[in-house]
Amino acid sequence: MQQRPGTAGPPPGCPAHGNVQLYGPQFGSDPDAHYAHLRGLGPSAPVDIAPGVEVELVTSYDAALFILQNPASFVRDSRRWRALNEGRVPEDSPALPMMGYRPNALFSDGAAHARLRQAVTDSLATVNELQLVRQTQQSADYLISRFSSDRLGQAELMAEYAQPLPLLVFSDLFGCPPEIGDRVIVGISGIFDGTAGADQVLGEALGELIGLKRRRPGDDLTTRLMEHSARLSDEEVLHQLVTLLSGGTAPLSAAIGTTSALILGEDWQAGLPVEDAVTQALWNYAPIANYAAHYPTHDVELGGRTLRANDPVVISFAAANTDPRLAEHREQLSAKAHLAFGAGPHACPAKDPAFVIAVTAVETLLNRLPDVEVRLPFKDLSWVPAPWSRSLVALPVRFTPRTVTPAHAPAPAPEPQPAAAAAQHHRGPVHAAQPGAHKAKPGLFSRFLAWTRGE
């Protein structure tokens, strides 16, 4: 339920200049109330998206669409960011990893953007949908197998299912050998968790993957990016892979979790397809809630406010999708008219595969655990108190314990094969361990691959 502006007083502002704070427990407990208050200030308003970081937040659907579809006046290259260039953004700000420049399609414009995006879209277009469904089902089965036989019949679906599932699927799509896949998962997970050194772990793992594919090309996204006619450098390939990982894992986890919670909630109409629930989650609980910083190339008047050149303008996909002005003609809009995947030249190039993965993940969960039910009402579930995504903190469920095994194997092996040995049966060589070196414990991707082979 959205709060009308002023019904319970405005959300707290920053003591320095009165901006609404789009972070912290109070925001996480009721983001809709914050958006409702901001809408009362116009189609956009200044907010603090992190301590000491002010941005203009767009809450109007029409205004968001105008900016997203107007690349001549609003560009994505964050090297224009005035406050950052003037040293007014804290060096340890959590906004920097999300808004700071990277040489990828997300932060490029014009011809540079077109070149990088074409390589990504063409590579994604080669992903076979049926194979993607099978990969998702296999990943889902593995994760469910890890908690389905719990004697109490209980699990926490965000940590045990929704969050790791996209990581397994993308590691497979990238063509990772087991040990590299393990480190890719550790690296990207660490980046989202704020773990020191995670960026280096991810970069080194992807660098090794690219080197491997130079020597031994495969039938995977990494190879397709490297062989594309755009002739991307190894560094460019690496940064496009990082973009796919960051844009395709955490938002997908959020969508899978929210969709599962909606379907398992008491208000969901039985018999409606999972596709409807995913669409509802994308409309009402946009996984990427506030993002896509744009920088005006010149001062722009918008709803009585002046958006200054080179000051960041952030799109609130969450607020735009739930804009009350849409209510009158929401039913006439296409089901895909939501802005959860963006719009315009920077719209998410992986939106179709992402939708397939989300639907398949939820369907597989319901098929494997047909009596699964959520242990809390939807209204009592907590959301992560961060501005960037709308994701559940936890999703506790209960079910009748059962065993889930690989389709082609009688039962999972009691002890997974070590990563180095598993790699000999999978993709690419591994380097011999140094004498006396400690053998690393197999990570998530290694254990998943061993399970699929029944080892």
If I compare all heavy atoms of [X] with all of [Y], which pair ends up nearest, and what's the gap?
X	Y	value
Val374	Val397	CA-CG1, 4.1 Å
Ile191	Ala198	N-CB, 3.4 Å
Pro387	Tyr23	CD-CB, 4.2 Å
Val274	Val359	CG1-O, 3.9 Å
Ser171	Val184	OG-CG1, 4.4 Å
Ala289	Tyr35	CB-OH, 4.1 Å

Test your reading of the model: is there a side-chain donor-acceptor pair from [X] to the backbone of [Y], 3.5 Å cut-off?
X	Y	result
Glu156	Ala394	no
Asp77	Arg79	yes
Thr452	Leu449	yes
Asp371	Thr400	yes
Ser29	Gln26	yes
Ser139	Leu165	no
Thr136	Ile357	no
Thr121	Gln118	yes
Ser148	Arg402	yes
Ser123	Ala119	yes

Between [atom1] on residue [X] and [atom2] on residue [Y], distance to nearest 0.5 Å:
X	Y	atom1	atom2	answer
Trp388	Ile288	CH2	CD1	12.0 Å
Gln21	His34	CD	NE2	8.0 Å
Met226	Leu209	CE	CG	8.0 Å
His338	Gln280	NE2	CD	12.0 Å
Leu395	Thr258	CG	OG1	8.5 Å
Leu212	Leu206	CG	CG	12.0 Å

Pair [X] + [Y]: basic N to acidic O under 4.0 Å:
X	Y	result
Arg117	Asp122	no
Arg146	Glu160	no
Arg88	Glu54	no
Lys213	Glu208	no
Arg214	Asp234	yes

Any side-chain donor paired with an acceptor under 3.5 Å for [X] and [Y]?
X	Y	value
Arg224	Thr126	yes
Tyr295	Asp109	no
Gln131	Arg134	yes
Asp276	Thr279	no
Glu204	Gln200	yes

Using side-chain contact (heavy atoms from CB on, under 4.5 Å), reason through Val55 and Asp311 one step at a time and then give a plain yes or no.
CA-CA 7 Å; Val55 303; Asp311 283 349; over 6 Å; no
For a side-chain contact (heavy atoms from CB on, under 4.5 Å) with Tyr291, tell me which candidate from Ile315, Leu106, Ile49 qualifies.
Leu106
Do the non-hydrogen side-chain atoms of [X] and [Y] ever get within less than 4.5 Å of each other?
X	Y	answer
Gln137	Thr360	yes
Met158	Val393	no
Pro90	Val53	yes
Leu282	Phe341	yes
Tyr161	Leu365	yes
Leu381	Pro396	yes
Val186	Leu202	no
Arg115	Glu236	yes

Geometric class of the Phe170/Phe174 ring pair [parallel <30°, tilted 30-60°, perpendicular >60°]
perpendicular
Please verify the inter-ring angle class for His346 with His294; under 30° counts as parallel, over 60° as perpendicular, anything in between as tilted.
perpendicular
Taking atom CD of Glu373 as the centre, report whether more than 12 heavy atoms of other residues, nucleotides or ligands fall under 6.0 Å from it.
yes
Taking everything shown except Glu86 itself, do over 12 heavy atoms lie less than 6.0 Å from its CD?
yes
Aromatic ring proximity, centroids under 6.0 angstrom, Trp81 and Tyr101
no
Would Asp182 and Arg447 count as a salt bridge (Lys or Arg N to Asp or Glu O under 4.0 Å) if you check the C-alpha gap in whole Å, the side-chain angles of each, and the deciding distance to 0.1 Å?
CA-CA 9 Å; Asp182 290 342; Arg447 298 195 301 271; over 6 Å; no
Steps toward side-chain contact (heavy atoms from CB on, under 4.5 Å) verdict (Leu116, Val120)
CA-CA 7 Å; Leu116 295 173; Val120 172; 5.7 Å; no
Assess the residue pair Ile67 and Val58 against the criterion (side-chain contact (heavy atoms from CB on, under 4.5 Å)); give the C-alpha distance rounded to whole Å, side-chain angles, the decisive distance to 0.1 Å, and a yes or no.
CA-CA 9 Å; Ile67 292 170; Val58 178; 3.6 Å; yes
Do Trp268 and Phe378 pass the ring pair (Phe, Tyr, Trp, His ring centres under 6.0 Å) test, and can you show the C-alpha distance, the side-chain angles, and the key distance before you say yes or no?
CA-CA 10 Å; Trp268 185 253; Phe378 187 86; over 10 Å; no
Stepwise side-chain contact (heavy atoms from CB on, under 4.5 Å) check, Val20 with Phe27:
CA-CA 9 Å; Val20 168; Phe27 170 72; over 6 Å; no
